[in-house]
Amino acid sequence: MLQVFPSSQAGLFGRRQRHAHGARIPVTVMTGFLGAGKTTLVKCFLQTSEGRGTAVVVNEFGATGIDDALLRSSADETVLLGNGCLCCNVRSDLQVALRRLVSERERGQVPHFGRVVIETSGLADPSPILRTFATDRALGDEFHIGTVMAAVDAVTGLATLEQFPEARRQVILADRLLLTKTDLAGAGTADKLTRALRRLNPRAAIDIVTHGQADPACFLEGQRHEMAAAAGYAAEAVHGDDIQSFVLGEDSPVAWNGFARTMDTLIALRGADLLRVKGLLDVEGCSGPVVVQFVQHLAHPPVELAAWPDGRRDSRLVFITRNIGESEVRALFAAVRALARG
Amino acid sequence: MSENNPLRPGAHESVAWNFKLLAHHELQGFGGMGEGLSIQIAKDGRRILWLAHESAPKNFTALDVTDPRKPRVVVQTDLPQSHMRSNSLEVVGDTMVVAYQVQKVGLQPAGFEIFDVSVPEQPKSIAFVDRSGPHSRGVHQLWFADGEYVHMAAGAPDFEASHPLDDQFYQIFDIRNPSKPAEVGRWWLPGTRKSDAAPPPVRHQKPLYDMGFRAHNTNVYPQRPDRCYLGYIDGGMFIMDISDKSRPKPIAHWDNSPPYHGFTHTILPLFERNLLVMTDESVVDNADDWPKLIWILDAREETKPIPISTCPLPQREAFAGRGGRFGAHNIHENVPLPTSWQSDQIVIGTFFNGGLRAYDISNAYQPREIGVFVPPAPPLAPTGAIQLNDVFVDERGIVYTVDRHVGGVYILEMDF
């Protein structure tokens, strides 16, 4: 298309966007083990002014659903809540439910929601959900993951983390951890839990919430914030389930073909172990930073931003991997670079 | 989902998706605005938004939008007669031109007026150009961007149309000496003047509405000063060769009606991309002239524009029953002035009760909606719904959009 109708206002990856998410609908993923208080957190958010116009997608309605009275009176899968919010009960396929919501929104059949909150079931590993949004073949064209949050029960959290790999996975992949029920746990228990969470996920923000009232801003955090946080934190190994996290940085501009080839190789060889890779690249020939994102075997279409977020012009890429070390990834990048030089 | 489903949004619900409302100003209770929005940077540095009113009693309003969050009325003027409307205006430097159209042929004043707005509080009339006549309603729309020529859709004292709806045609006025404006050229669709040898055009038949074969927008850009991009309502669009301004000549024509409902309004050329963006205007309530669209045309072969896509709209049923009109109208036109935002990647348009909508046209074959702003129905809205009429985006990326009846101006920030 660009060749047919070229424009100096567009770059290698199309229109330069103000934000990486462009005009896609932001999605907040709310994870947390059974009984950690996810529903209460979501319910409280919906009642705030910031929560207006949110569509909530729930994997399955529990005993304390979003709005029992409304749900009981509705035969439809989608119900209208107060504050211009929607609630959609997903009994089968999340993709189908989200596509239906978008199509109904476009046709004016439901209120024009501006955000989706997905409340996962307690036993869910968030990886498949994140994967669903990572490619335009699935939902990546319409939605983007704004933030991933995990609710952690301060009383039972430590034991749960020890027993259940799903709970650890929820913590590891979260951008923000919300500690609930701290009023019921002793100070010592909460501190111990906080240290355990830090070990699992040193980059996530940890908030203590009382009575389910999280700062609504947590739900609104977007890619921008996340990118800034990712760019700022030091590389720290995460000791849990052989999962590691590190940052690759590069001061000089990167050739896109070389980068793409390296990532292709990495995905082909170890895609299953690339839990999340995301960051900003200073690509040769591009004026703004290029946002890239990978989840396991899937690559999100790259997006060029209109401007560098903090004035710093360099490449910074965060890797969360399983059994892939920083040195191995660095070596692969170096090898491809050397090959390219011939 | 049925028509009366409680999930269906109503006229009093608002949407702001990827647009952030910075301010809303009802313009002192006179918030019925036309299709004239222009920015002046005053000598003292203030940024003044000039707005044409849609109908009497007000002529135009100047709004200080230096701080877009705190707009302030600088001046608001009255029309001399209640049977006239200004509707359209443009400002270049400290010179403003304002269109005057009357309700019936033969009434006065009909034409356009030139103002010195170097002191925004005190617009001073420099000249009035009379286009009234026994068969003229005066000027509906004008384009003034180079500080020298006014291109407009107007009647004339010496012009009798073959059909009353065909009275306004393309005219060019030289206002290089603003106190002595002079007509330099004109063109009308052959057959629309009573004395023409050519037969009159075939009127639109029911179920289409006969809206007339007359000029609407007359856009001219410095990239091609020898071209006028002319919307001709039920006559479709024309690209005019105006290298000789005294003899404008059509070199390309495309008309979507029938089967579409006509009312071709604006043609925006995207020069670097060889694209044209063309709008229809919805002019019938309850979307009875649906669909009124924004069309994207491949203009690589100038004489043979080819439609390749349209900007997607919500289903007719979602808005048709809300009250008033629903469908395309004005777009931001990349006005060739330093105070205007320029984009060949994004189209922003007004859709009456469908609000303001932004489209990413980076893939010209698949425009995508990337922003929506539908304010709630303003108090006392006669149709019971918002009727967003026109939009202008300044070089800072601040968006100004106006309601046709009562709502005044909404000032927004883009977030896409």
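Everything numeric in this text was worked out from a predicted model, so none of it was measured. Letters A, B, ... mirror the listed sequences (proteins, then strands); counts begin at 1. Excluded from the calculations below are hydrogen atoms, water molecules and symmetry mates; all remaining heavy atoms, backbone and side chain alike, are included.
Tested against A:Arg15 for a side-chain contact (heavy atoms from CB on, under 4.5 Å), the candidates B:Ile361, B:Asn363, B:Ile370 yield a single pass: B:Ile370.
Proximity of A:Gln9 to B:Ser343: side-chain heavy atoms (C-beta onward) are separated by under 4.5 Å at one or more points.
Rounding to the nearest 0.5 Å gives a distance of 9.5 Å between CH2 of B:Trp17 and CZ of A:Phe113. Put simply, CD on B:Glu413 and CZ on A:Arg18 are 7.0 Å apart, with the number rounded to the nearest 0.5 Å. Atom CZ of B:Phe416 is separated from atom CD of A:Gln17 by 11.0 Å, given to the nearest 0.5 angstrom.
B:Gln366 CD: 12 or fewer foreign heavy atoms inside a 6.0 Å radius. By the neighbour-count criterion of 12 heavy atoms within 6.0 Å, atom CZ of B:Phe271 is densely surrounded, having more than that number from other residues, nucleotides or ligands.
Shortest non-hydrogen contact noted between A:Glu142 and B:Arg368 is CA-NH2, 4.4 Å. For the residue pair B:Gln345 and A:Ala10, the shortest heavy atom distance occurs at OE1-CB, 3.6 Å.
Counting heavy-atom pairs closer than 4.5 Å to chain A, the top-ranked of the candidates B:Gln342, B:Arg316, B:Met414 is B:Met414. For chain B, the option among A:Gly114, A:Ser8, A:Gly22 with the highest count of heavy-atom pairs below 4.5 Å is A:Ser8.
Using a 4.5 Å heavy-atom cut-off against chain A, no residue of residues 277-290 of chain B qualifies as contacting. Interface with chain A: from residues 291-314 of chain B, residues B:Asp298, B:Arg300, B:Ile308, B:Pro314 qualify, criterion being any non-hydrogen pair under 4.5 Å.
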Evaluate side chain to side chain contact (heavy atoms under 4.5 Å, CB included) for B:Leu270 paired with A:Phe5, printing each intermediate quantity in order. CA-CA 10 Å; B:Leu270 303 176; A:Phe5 305 111; over 6 Å; no
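Between the side chain of B:Arg273 and the main chain of A:Val4, no donor-acceptor pair closer than 3.5 Å is present.
For B:Asp344, the side chain to side chain donor-acceptor pair (under 3.5 Å) partners are A:Ser7, not counting sequence neighbours. For A:Arg16, the salt bridge (Lys or Arg N to Asp or Glu O under 4.0 Å) criterion is met by A:Glu304, not counting sequence neighbours.
Of the atoms belonging to B:Val374, not a single heavy atom falls under 4.5 Å from chain A.
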